[in-house]
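Read the structure below first, then the notes.
Note that the structure is a prediction, hence the values are computed from the model and not measured. Start at 1 and go down the list; that is how both ligands and their atoms are numbered. Along the sequence shown, residues carry numbers from 1.
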Amino acid sequence: MSDKKTALVISAHSADFVWRAGGAIALHQAKGYEVTVVCLSYGERGESAKLWKQEGMTLEKVKTERRKEAENAATALGVNDIRFFDVGDYPLDLGRQTQDRMVDVIREIQPKFMMSHSKWDPYNTDHMNTTQFALECRMIAQAWGHNPGQKVLGAPQLYLFEPHQTEQMEWKPTTFLDITEVWDKKWAAIQCMQGQEHLWNFYKNVAENRANHFRRNSGGMAGGRVAKYAEGFETIFPRTVDELE
Ligand SMILES: [Zn+2]
């Protein structure tokens, strides 16, 4: 058993991890974690409108372009393990085959924590289906009777990252993470998403607002940490502690 620290991010489309968890990813990479990002699809049909407006565009060209953007963003965040399942989008094909692939990855990585989308997203069912899928795969990876002999999964927390149009998603943050020290990396990764330039400043604002919440919840304006950028997450499972603080 190695004491390697690992984390797994399951992203429905190839840009989602950047906006929603780029700071958490860069921060944990910097702390010595090995973060694996799995993009289930490239978002080639549903999240690539700007590319589709170009003359002579094809599905393969869009996918190639989106893959390049995601790889560049991963590099900017310090991630060297990014995997593309390429199961299509709008809708994702999350059938048995995809499930088996994901369970294999989870058991291989043995993540200390996992991240995925919000539980509810009526604007983008790919996102909420991914969360359901992540929960199912986590459960299967814990089952002793699934591929007996393999190392089963422990009980990693699942952090749900902040969705777009937060208030519509029944998403409520339980954790704020200060990402100030890696903001430059997240900003560089955001700018790799050439196809979605309209979202760049929106997500900068989100990070600034969440930093305000971080400051408020870490001791208010007097004595609170001077966080300039933060990300919010909702947790699914309870924390287990020896002492309350
Ligand atoms: Zn998406």
Would you check if the Zn ion (ligand 1) lies under 2.8 Å from any N, O or S atom of [X]?
X    : result
D89  : no
E47  : yes
H117 : no

Legend entry - Residues that, via side-chain heavy atoms closer than 4.5 angstrom, fall in one hydrophobic cluster with M57: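 Hydrophobic cluster check, M57: joined to L51, W52, L59, V62.
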
Legend entry - Salt-bridge contact E71-K68 (side-chain N to carboxylate O under 4.0 Å):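 Judged by the 4.0 Å cut-off on N to carboxylate O distance, E71 and K68 do not form a salt bridge.
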
Inset, instruction - Considering only NZ, NE, NH1 and NH2 on the basic side and carboxylate oxygens on the acidic side, decide whether R83 and E108 come within less than 4.0 Å. - result: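 Between E108 and R83 there is a salt bridge, with a charged N closer than 4.0 Å to a carboxylate O.
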
Inset, instruction - Please list, chain by chain and in numerical order, all residues satisfying ring pair (Phe, Tyr, Trp, His ring centres under 6.0 Å) with F161, sequence neighbours excluded. - result: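 Per chain and number, F161 pairs via ring pair (Phe, Tyr, Trp, His ring centres under 6.0 Å) with H117.
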
Inset, instruction - Looking at H13, pick out the N, O or S atom nearest to the Zn ion (ligand 1) and give its name. - result: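 The Zn ion (ligand 1) is closest to the H13 atom ND1, counting only N, O or S.
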
